[in-house]
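Whatever order the structure lists ligands and atoms in, that order sets their numbers, starting from 1.
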Amino acid sequence: MAKLYSVPQRVRDGGQQPIRSMSDYTDVSNQWVEHPNDFWLAETKKSLSWEDEPSVGLEGDYHTVCHEPFSWFADGRLNVTESCLDRHVRSQPDKTAIIWEGDEPGDGRTLTYRELHAEVCRAAAALRRLGVCSGDRVIIYMGMVPEAAVAMLACARIGAVHSVVFGGFSSEALRDRIDDCGAKLVITQDQGLRGGRPIPLKATVDDALAKTDLVQSVLVYRRTGIEVGWVDNRDVWWHEAVVDGTDMVSGPEYVHSEHPLFILYTSGSTGRPKGLVHTCAGYLTYTAYTHRTVFDLRPDDVYACVADVGWITGHSYIVYGPLANGATSLMFESTPLYPDAGRYWDLVERHKVSIFYTAPTAIRALAAHGEEPVDKYDISSLRVLGTVGEPINPDAWEWYYSVVGKNRCNIVDTWWQTETGGICIAPVASATPTKAGSATLPLPGIRPVLIDPATQKTRAGPAQGHLCLEHSWPGQARTVWGDHARFVQTYFSTYPGLYFTGDGCRRDDDGYYWITGRIDDVLNVSGHRMGTAEFEAALVSNDAVAEAAVVGYPHAIKGQGVYAFVVLNSNNGNVPIDQLNQTVRTAIGAHARVDRFQSVPGLPKTRSGKVMRRILRKVAEGQTDALGDISTLADQSVVAAIIQGAATQR
Ligand code: WTA
């Protein structure tokens with residue numbers, strides 16, 4: 001039985017959120033069970049500032065989703081930036097909204113709510129001047145600078161739909177996203193900076209735009225001052241456009257609750273990333289609620305989530321949730337190891353961070369450097385430590401708990417997805433006893449079920465199965481941009497009446513949930529979600545490769561590594577590793593890399609031509625004695641050759 005860690009007294013005491021004990025947790029969860037719509041209507045009215053308050057909660061359900069998306073608070077009208085900015089400008093104008101820590105230690109600046117609001121209004125006016133209207137799509141391809149958050153909020157201010165593309169993506173990946181959402185404008189910067197290295201953001205945008213003519217304007221924030229290519233009548237400097245002006249009103253554009261707030265592309269089991277659509281009111285309600293509940297947010301907290309705004313964690317828990325709650329949110333441009341393994345703790349000491357949220361990969365990488373880089377700094381301000389993005393192994397959890405948390409913080413291991421918008425299964429910092437490696441219990445309003453894939457039946461009590469969610473919550477994605485059928489097919493057809501997460505999961509005797517990882521063809525490398533099919537499409541686009549199959553394997557730091565089985569066109573057996581990885585980088589981006597290649601004579605296929613990935617996964621994991629039934633293979637001799645090849649490679 002895993003040890004139960006009780007909530008340290010200093011974490012339990014002194015907060016203001018309603019859940020302060022397990023009996024509170026049960027009470028609040030029951031309030032939802034009894035009146036789910038009333039529960040969320042009350043939360044949304046408490047959490048957001050409304051132009052017209054809604055009178056309805058959920059409409060539609062998982063059975064009707066193929067006809068039309070479900071909706072939350074459909075008869076309300078609002079602008080999310082009023083919740084994130086205007087009301088705080090009235091109540092706490094001089095509170096710091098964003099602390100920005102640049103790439104070099106100590107380089108940075110802060111923006112109060114008043115300053116952030118003013119900057120967002122100026123940027124919104126600039127977007128209007130550039131012809132962006134409500135409903136238009138804007139791509140944001142930036143690094144971790146406050147202007148990225150300003151750009152997101154400026155879009156929201158005028159009802160435009162932003163789609164942030166992580167700055168590591170290649171020009172091809174960027175162009176696919178621009179084309180898919182039909183973006184009118186791109187916001188970028190001359191260069192990004194990360195760990196002392198420049199990232200050529202503007203040049204990548206130029207490359208992407210060379211083959212598409214949808215985009216009318218490119219707004220360029222100057223970060224490093226390097227000279228960049230310039231297209232007259234298309235490119236506009238941020239500092240020339242985002243200025244005080246009286247020619248445009250920068251007041252909020254009121255939209256309906258279900259107006260799209262953003263599109264965020266994420267990987268699934270096909271080669272084509274899908275643009276998940278989140279809508280204004282439900283998303284903001286849910287991120288605000290979960291942010292203050294899970295982290296037990298307090299008025300004086302300095303909250304630091306060190307994710308990138310290019311991923312959902314940055315959207316929900318750097319920008320929208322914290323700002324809706326009027327919190328102080330830190331944005332971090334650098335990496336955990338720059339200039340050394342003490343960077344996070346230096347950050348915590350200087351800014352007196354009380355809530356810190358990172359990923360298991362970073363924790364494992366830092367644990368490998370030992371305790372000394374942590375102990376050099378005074379990190380006694382920490383109270384809550386969060387983790388997200390991938391399963392955390394108990395060793396890494398315990399290191400985080402004892403070395404960083406000094407046994408006096410609560411750890412919140414938060415399970416959720418781009419699709420869920422916000423945290424679904426996680427401890428409530430002020431109440432939930434934890435276990436090393438478990439995301440613990442569902443938040444109020446979330447109903448996890450475990451399905452036995454063989455029988456399609458729900459498993460009760462302690463069990464293992466496919467994780468599904470039984471009831472809608474406001475933060476849930478509503479559709480895939482331009483392809484509602486794909487949304488229904490991906491999430492609601494495997495187990496009719498349920499949302500299927502794609503994760504495997506175990507529930508223990510105490511009802512605690514342990515996420516075991518993806519059961520579909522999605523890889524999770526250092527918390528970066530990528531599809532095996534995206535790697536395969538890239539590899540076969542290289543002339544050297546006839547066929548490819550990519551699977552994940554356990555990796556000590558990154559969680560998962562990428563293992564590619566390739567059938568080469570020439571038979572000399574030498575894999576051109578660098579050349580193939582360059583192809584992958586061009587197709588996907590700098591964060592995508594194959595760790596291990598194996599040249600194979602053929603792929604294990606069924607008689608109908610389907611690659612049996614299960615076998616390849618076992619080989620990649622080194623479990624060649626547990627391959628299971630291979631009698632349905634068209635050519636069983638291939639398997640022996642693959643096993644032998646893997647053995648010589650090791
Ligand atoms: C995985 C990131 C275990 C999971 C917010 C999920 C986790 C995928 C956890 C979503 C966690 C996320 N424990 N696994 N605490 N959090 N995952 O869309 O496999 O980038 O399906 O969203 O990350 O990744 P995404």
### Message
With nothing but distance in play, are any N or O atoms of R518 less than 3.5 Å from an N or O of ligand 1?
### Response
yes

### Query
Under 3.5 Å, side chain of W473 to main-chain N/O of T420, donor-acceptor pair present?
yes

#### Entry: M144 CE to W100 CH2 distance, which is reported to the nearest 0.5 Å
10.5 Å

### Query
Do any nitrogen or oxygen atoms of T387 come within less than 3.5 Å of a nitrogen or oxygen of ligand 1?
no

### Task
Report the part of E390 in contact with ligand 1, treating N, CA, C, O as backbone and CB onward as side chain, heavy atoms under 4.0 Å; options are side chain, backbone, both, neither.
backbone

### Query
Any idea which part of T414 is under 4.0 Å from ligand 1, heavy-atom wise: side chain, backbone, both or neither?
backbone

### Query
Within the distance-only criterion (no hydrogens, no angle test), does the side chain of Y317 pair as donor or acceptor with the backbone N or O of T287 below 3.5 angstrom?
no

### Query
side-chain contact (heavy atoms from CB on, under 4.5 Å) with S163: which of F262, Y141, Y265?
Y265

### Query
Is a side-chain N or O of R507 found less than 3.5 angstrom from the main chain of G461, in a donor-acceptor match?
yes

### Residue part near ligand 1, for P391, under 4.0 Å between non-hydrogen atoms
both

### Message
In this structure, does ligand 1 have an atom that sits under 4.0 Å from one of the heavy atoms of G389?
### Response
yes

### Query
Backbone N or O of P462 within a donor-acceptor pair of the D509 side chain at under 3.5 Å?
no

### Query
Under 4.0 Å from any heavy atom of D413, which atoms of ligand 1 are there?
11 (C), 13 (N), 15 (N)

### Summary
ligand 1 to V388, heavy atom cutoff 4.0 Å, flagged ligand atoms 5 (C)

### Task
Pick whichever of T266, T418, L523, V412 has a heavy atom sitting closest to atom 18 (O) of ligand 1.
T418

### Task
Verify the ring-centre separation between F487 and F492: is it less than 6.0 angstrom?
yes

### Message
Counting only heavy atoms closer than 4.0 Å, does ligand 1 sit against the backbone of T313, its side chain, both, or neither?
### Response
side chain

### Query
At a 4.0 Å cut-off, with the gap strictly under it, does some heavy atom of W311 reach an atom of ligand 1?
no

